[in-house]
Amino acid sequence: MTPLERAWRGGRSDWRLHVLSIFSVAVAFVCMAAALLVVVNVESLRDAWARSGRASVYLKPGASHEAAAEIEQALRATPKVKTVRFVSSEASRTEVLADRSDAVLSALPSEAFPASIEVSLEDDVSQVRVRQIADSLSALPAVESVETYQSWTERLGSLLGAGATASALLAAVVLAAVVSVVASTIRLTLQRRRIEVEVLKLVGATDQYVRRPFIIEGAVQGAVGSLLAVLLVGALFLIVQGRFAAELGTLIGVTPRFLPWQVAVAMVASGGLLGAIAAHASLRNLLSV
Amino acid sequence: MLRQGDRFDPDAARRPLLVFEDVHKAYRADSPVLRGLNLTIERGEFVFFTGPSGAGKSTLLRLLYAAESADSGRILFMGRDVARLRPESVPYLRRNIGIVFQDFKLIDNWTVWQNIALPLEVLGVAHRLVRQRIGEVLERVGLGGRGADVAGNLSGGEQQRVAVARAIVCEPALILADEPTGNLDPQLAVDILGLFEDINETGITVLFATHDRSLLDVRPHRVVVLDDGKAMDAPNGLGDSELVSLQVA
């Protein structure tokens, strides 16, 4: 009888215990998968914004059309500038209030919607070059301010760093939880199969022979638990995406995406590995007959 | 079959199966269980070990299958010193020994077949041979056709027969029976004793530990009496007046 067959036989007799263990492992991995999902999406948002190369040049309230046209012309002649579009104060108000019947927004004065020149830059433009263009524009008398969204990219970058740290901490917690849950389950399983183990040792089974099915059971608990977690988070992601994808796309400019398949596979593999290690560790010193 | 590296020794078959040389064992310093035991058991013998509870019968058997180690002395099984075996060699020793316990040590929710197959699975015997071998031993212990029964549903006598079948299924050189009739009524105890005698008839050495004096009177076998750390040998049973001291002076 192969170790797999023996593990299956043992797993069948203690299936309730295994289901509980798999559930606990899945809960731990759901936390981890959710954290990773946030990190992945913040990262893609940061990348998208960093690559977008956009700038909004807000004009002073009294800025003349001529001044605006001159700035527009100068920008068109600037290398790395892709498109330039003038948005008047009225057009800006219309854009903001489109599809909204918000009384408060409608009551805002025209100063709340300054005229602007929307600039889009080439994808390969560096942040330094964007900064240079912004500084040159800010020095012009007709310009109130220039928004390059670089600060947002930086904020997202630091948020991403914090997210990565939180995920690493969470990974440590998940690791401890999985090891603890699987090790406890295997110890309990071993207690329930004490006679089987004792008889195996008495008829000449080596420690390795006795351990193998328990290690397989531990690995299966870890792998199945993490797989369930990935599937559960995937299902939740699909539900959220189905309902809010359009809104999120409009709001932040990127479509949310699920964990890359490599990350999902790595999670399942690490679940299995952790389970096997936990089972192996829990069996040390417990096989003496 | 000789494995690579083994040397053929023509005298090996003529050596005693088991030799205890000045074996000492104590769990507490002030009350030793065995005090310099010397004993030789030949191949094919049937030996009763008897004595009051705590006399060291089980300890003696546990020393043999290396569940415990002697404080000093040598225990030679087929010429190898059991007391000096490395832990990784112990499983290979046990594959030559069948062990039967008072509490049967069966896996209750498994079938008779699965319980008996366990030692063969450990040895990696092919499924076809396992089936054939289990069929044979079930017939031998009087449980022919009962392989599919769940072990926990059998009577005490039947469970002990399953335990005996499991002990002999690999055709070991030695059977250790530690109070195998302790949980059985007198008639069943005699039946089980008969089963061990049948097994002994096939050439397997049997060491039968019991404190039940009535069993010793049923048939004349060699009896080793353990008491207070000392051992006395009655080569022809307790009916024989000549008790030989096995103790080192």
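A, B, ... follow the sequence lines: proteins, then strands. Residue 1 opens every chain.
A donor-acceptor contact closer than 3.5 angstrom links the side chains of B/D178 and B/S58. In this model, no donor atom of one side chain and acceptor atom of the other lie less than 3.5 Å apart for A/T206 and B/Y92.
For a residue to count as touching a neighbouring chain, one of its non-hydrogen atoms must lie under 4.5 Å from one of that chain's; by this rule B/L93 does not touch chain A. For A/T2, no part sits under 4.5 Å from any heavy atom of chain B, backbone or side chain. Contact annotation for B/E88: neither backbone nor side-chain heavy atoms come within less than 4.5 Å of a heavy atom of chain A. Residue contact with chain B, scored on non-hydrogen atoms closer than 4.5 Å, involves the side chain of A/R9 exclusively.
Under the salt bridge (charged side-chain N to carboxylate O under 4.0 Å, His left out) criterion, the residue pairs touching residues 152-162 of chain B are B/R146-B/E158, with sequence neighbours excluded.
Put simply, the side chain of A/F214 does not reach to within 4.5 Å of the side chain of A/H280, judged on heavy atoms.
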